[in-house]
Amino acid sequence: DGTVRFEDVHFAYDANRQILKGVSFEVPAGKTVAIVGPSGAGKSTISRLLFRFYDVQQGRVTVDGQDVREVTQESLRAAIGMVPQDTVLFNDTIAYNIRYGRNDATKEEVVYAAEQAQIADFIERLPEGFDSMVGERGLKLSGGEKQRVAIARTILKAPPLLILDEATSALDTQTEQSIQAALDVVSRGRTTIVIAHRLSTVINADQIIVLRDGTIAERGTHAELIAEN
Ligand code: ADP
Ligand code: ADP
């Protein structure tokens, strides 16, 4: 069902500096939890632990009740969809980039995902920089369009668990709002962790966790946290 649990997680990249100092929270299946806090607080570290880029030193991280240390990185990558701050595209068509990770997907499925993300018009074209051999097929993508490619990839992958890591922070305000709307659709009914700098971008989260200096300083809904501050 995709329930994620962090139980008293302690983590340090190197022994003399603790990054997470006893972090506990649950993301119930199908719900959205936002992790908000200043740069360096340890937010992205939480997603790296979920993917097992690193293992916790104390406490545990579970998905569906299973300790991630008992799961291979490969199957974690298959189960988790990630929309990062900056999407890096491969040297191939937009359709290829959408299909990446789902090689079994049909053309119709790719087109449907592209339509949902509103990039169906240019899926046969290539990202700029890779167009020297093909001339006019090359396409310069804006930051928002690149995020739409990542969103289409996520729609096609349909992972049980979704991580949005500062997915709109590199965009201008107007683009941010339209990408936010697309992300809201993708995350609906899906277990989702949103990593963000500001409370104002995570108004719809079921719960918000404020991480400061490796510990949870506050938690609650947007309305509750606004009322307290
Ligand atoms: P946030 O996402 O909240 O900005 P991070 O989780 O990326 O914070 O990083 C938390 C702290 O860990 C930062 O001080 C950062 O410098 C440090 N850090 C991140 N990655 C590494 C790493 N691979 N090795 C050592 N320190 C790291
Ligand atoms: P962002 O904050 O844009 O998500 P990262 O998560 O990659 O960027 O890094 C967060 C912070 O951790 C940055 O300040 C970065 O310099 C630092 N950092 C990342 N990797 C390392 C590393 N291997 N060693 C030390 N610091 C790192």
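Whatever order the structure lists ligands and atoms in, that order sets their numbers, starting from 1. Worth saying up front: this structure is predicted, and the values here are computed from it rather than measured.
- Residue contacts with ligand 1: Arg17 is included, with a non-hydrogen atom under 4.0 Å away.
- For atom 2 (O) of ligand 1, the choice among Gly214, Ser44, Ala41 with the nearest heavy atom turns out to be Ser44.
- Between Gly42 and ligand 1, at least one N/O pair is under 3.5 Å apart.
- When the options Gln85, Glu176, Gln177 are evaluated for a side chain to side chain donor-acceptor pair (under 3.5 Å) with Thr168, the one that passes is Glu176.
- Qualifying salt bridge (Lys or Arg N to Asp or Glu O under 4.0 Å) partners for Asp86, counting only residues two or more places apart in sequence or in other chains: none.
- Looking at Lys43, Arg48, His197 and measuring to atom 7 (O) of ligand 1, the nearest heavy atom belongs to Arg48.
- Around the CD atom of Gln66, the shell of radius 6.0 Å holds more than 12 heavy atoms that belong to other residues, nucleotides or ligands.
- Of all atoms in ligand 1, listed by their number and element, those nearer than 4.0 Å to a heavy atom of Ser39 are 4 (O).
- For ligand 1, the atoms lying closer than 4.0 Å to a non-hydrogen atom of Tyr54 are 23 (N).
- When non-hydrogen atoms are compared, ligand 1 lies under 4.0 Å from the backbone of Thr45 as well as from its side chain.
- A donor-acceptor pair under 3.5 Å is absent between the side-chain atoms of Arg212 and the main chain of Ala217, judged by distance alone.
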Show me the donor-acceptor pairs, under 3.5 Å and distance only, between side chains in residues 10-19 and residues at least two apart or in other chains.
{"residue": "His10", "atom": "NE2", "partner": "Asp8", "partner atom": "OD1", "Å": "3.3"}
{"residue": "Tyr13", "atom": "OH", "partner": "Thr45", "partner atom": "OG1", "Å": "2.7"}
{"residue": "Tyr13", "atom": "OH", "partner": "Arg48", "partner atom": "NH1", "Å": "2.5"}

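- Judged by distance alone, the side chains of Arg190 and Thr192 never bring a donor and an acceptor atom under 3.5 Å apart.
- Counting the atoms of ligand 1 from 1 in the order shown, those under 4.0 Å from a heavy atom of Pro38 are 3 (O).
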